[in-house]
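This is a predicted model, so every value here is computed, not measured. Residues: numbered from 1 along the sequence shown.
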Amino acid sequence: MATVGEARRPSDIPFGRLRARLGGELLAEFFGTFILILFGDGSVALAVAGLPGSGRQNLALAPFGPANWLIIIWGWAFGVAFAVYAAGGVSGAHINPAVTLSFALRRGFPWRKVVPYWFAQVTGAFCGAALVYAVYWGAIDWFNSTHHTTRGQSLDTFAIFATFPAKYWNGSWGGPFVDQIVGTAILVALVAALIDNRNLAPKGNTSPLLIGLVVAGIGLTYGVNAGYAINPARDFGPRLFSYALGWGPIALPGRFQWFDNYWWIPIAGPLIGGILGILFYDFFIGQVLTARAAFPVEPEPGRVPEPEPEEARGRPTERTGDRTSERPAGTRRSRHAR
């Protein structure tokens, strides 16, 4: 049996040729989105039904209030970070159809892979929701029976799996739709910044952790308007599962007392937002970096110059005309110097 790090013959790897190509990328996208939902939906299940029903949280003596929202925010943040760590080396860990679409539009991701990636992401989210339910079904049933409601009437337990708009929108689509566009645009723009090696991209494989913090930041600032799905797969996969398990019209078409036919908002809004996010980043930052690489310029007044290399410090400088050059003696001026 081969040990860790030991080379294996191709014939020893089941479906090796398929795994080495698109099939392997789809497995990674499935697994990454699966992990995302395990942490994300799991945190909501804990906050909504797990803690109250477990006896570990006495609501009469110490109501959590907004602290429950913090549990959910950090659950989703860790879910994103760990999902990217798990799948990033194989597929890039899009784990979000909006990211896949924006990368196809502006980052050279092959268009032929877009729909297969979407399918893998939605399927991974569906299966992740199924496992969360398998762990928390007792708490969910306890919550519904305690509140004398059925699944088809329980918006609280449906919220474990998918999103819905805040009550103050009074059934309007406009506010939640704009919210999803803005939230996803922020996400994709900052993901583009964090992986752009021409910019101040983080070092030491810390990008996944920082992307998770971006999701936490969105939840802390824009989360309550519509549940900050900002990911069509994250919402639609668990929505399909909850529909199949008895939440009925609340899941599909997305109907409750103050909203109706809501299911498409967390799909269309993030897809549009992802496109806008990558376009905004490229216009304001990406194309500036490209221009500076093509036409190097001296640092502007007030801009902190790049530090000198250690080996260049202390060397004698050479005079050029009536000025003293800042380059070490014996070096030649770049052809781009002005």
K.L.:
For R151 and S242, which I'm curious about, is there any donor-acceptor pair between the side chains at under 3.5 Å?
P.N.:
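The criterion, which ignores hydrogens and geometry beyond distance, is not satisfied for S242 and R151.
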K.L.:
Apply the test side-chain contact (heavy atoms from CB on, under 4.5 Å) to residues Y168 and N225: give CA-CA distance (whole Å), side-chain angles for both, the deciding distance (0.1 Å), then the verdict.
P.N.:
CA-CA 9 Å; Y168 48 70; N225 276 330; 2.6 Å; yes
K.L.:
Aromatic ring centroids of F164 and W169 under 6.0 Å?
P.N.:
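Ring centroids of F164 and W169 are no less than 6.0 Å from each other.
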K.L.:
Spell out, as yes or no, whether a donor-acceptor pair under 3.5 Å connects the side chain of R56 to the backbone of L51.
P.N.:
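Not at all, since once roles are kept as given, no pair shorter than 3.5 Å links the two residues.
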K.L.:
Just by modelled atom types, is the I181 backbone N or O under 3.5 Å from a matching donor or acceptor in the T184 side chain?
P.N.:
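Side chain of T184 to backbone of I181: no pair is present.
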K.L.:
Verify whether one side chain among Q121 and T33 offers a donor that lies under 3.5 Å from an acceptor in the other.
P.N.:
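No - no donor-acceptor pair under 3.5 Å links their side chains.
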K.L.:
Taking the ring of F109 and the ring of Y117, is the distance between their centroids below 6.0 Å?
P.N.:
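Between F109 and Y117, which both carry aromatic rings, the centre distance is below 6.0 Å.
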K.L.:
Between T163 and Q180, do the side chains contain a donor N or O and an acceptor N or O under 3.5 Å apart?
P.N.:
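No, because no side-chain N or O of Q180 sits under 3.5 Å from a partner of the opposite role on T163.
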K.L.:
Under the side-chain contact (heavy atoms from CB on, under 4.5 Å) criterion, do F119 and L26 qualify, and how do the steps go?
P.N.:
CA-CA 9 Å; F119 179 79; L26 300 184; over 6 Å; no
K.L.:
Check whether any side-chain heavy atom of R106 lies under 4.5 Å from a side-chain heavy atom of I275, and answer yes or no.
P.N.:
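No - every pair of side-chain heavy atoms lies 4.5 Å or more apart.
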K.L.:
Going by the ring-ring contact (aromatic ring centres under 6.0 Å, His included) test, name the single residue among F78, F82, F34 that passes it with F39.
P.N.:
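It is F82, the one option of F78, F82, F34 that forms the ring-ring contact (aromatic ring centres under 6.0 Å, His included) with F39.
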K.L.:
Would F103 and L289 show up in the same hydrophobic cluster when neighbours are defined by side-chain heavy atoms closer than 4.5 Å?
P.N.:
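Yes: a chain of side-chain contacts under 4.5 Å links F103 to L289.
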K.L.:
Which heavy atom of F161 sits nearest to which heavy atom of R234, and what is that distance?
P.N.:
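So the two residues come closest at O-NH1, 3.1 Å.
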K.L.:
Can you find a side-chain donor-acceptor pair between D179 and Y228 that sits under 3.5 Å?
P.N.:
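Side-chain D/A pair, D179 to Y228: absent.
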K.L.:
Hey, is the main chain of I95 close enough, under 3.5 Å, to the side chain of N231 for a donor-acceptor pair?
P.N.:
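Between the backbone of I95 and the side chain of N231 there is a qualifying donor-acceptor contact (under 3.5 Å).
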K.L.:
Taking the side chain from D41 and the backbone from G128, do they hold a donor-acceptor pair closer than 3.5 Å?
P.N.:
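Answer holds: no.
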K.L.:
Got a donor-acceptor contact below 3.5 angstrom from the N199 side chain to the A201 backbone?
P.N.:
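Not at all, since once roles are kept as given, no pair shorter than 3.5 Å links the two residues.
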K.L.:
For F143 and T149, what are the C-alpha separation, side-chain angles and deciding distance, and is it a side-chain contact (heavy atoms from CB on, under 4.5 Å)?
P.N.:
CA-CA 9 Å; F143 184 96; T149 187; 5.6 Å; no
K.L.:
Side chains of W142 and N144: donor-acceptor distance under 3.5 Å anywhere?
P.N.:
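Side chains of W142 and N144: no pair found under 3.5 Å.
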K.L.:
If I compare all heavy atoms of L194 with all of P202, which pair ends up nearest, and what's the gap?
P.N.:
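Smallest interatomic distance, heavy atoms only, reads O-CD, 3.2 Å.
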K.L.:
Do V135 and L36 share a hydrophobic cluster, counting only Ile, Leu, Val, Met, Phe, Trp and Tyr and linking them when any side-chain heavy atoms are less than 4.5 Å apart?
P.N.:
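As far as the 4.5 Å side-chain criterion goes, L36 and V135 are connected within one cluster.
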K.L.:
With no hydrogens and no angle check, is any side-chain donor or acceptor of W173 less than 3.5 Å from a backbone partner on D260?
P.N.:
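Flag set: sc W173 to bb D260 pair under 3.5 Å.
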K.L.:
When you compare the side chain of I160 with that of Y133, does any pair of heavy atoms fall below 4.5 Å?
P.N.:
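Side chain of Y133 against side chain of I160, heavy atoms only: no contact under 4.5 Å found.
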K.L.:
Which heavy atom of Y85 sits nearest a heavy atom of T206, and at what distance?
P.N.:
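Scanning both residues, the minimum pair turns out to be OH-CA, 3.9 Å.
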K.L.:
Check this for me: does any side-chain nitrogen of one of D196 and R107 sit under 4.0 Å from a carboxylate oxygen of the other?
P.N.:
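Salt bridge flag = no for R107 with D196.
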K.L.:
Tell me whether F295 is reachable from V288 by hopping between hydrophobic residues (I, L, V, M, F, W, Y) whose side-chain heavy atoms are closer than 4.5 Å.
P.N.:
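In one cluster with V288: F295, no.
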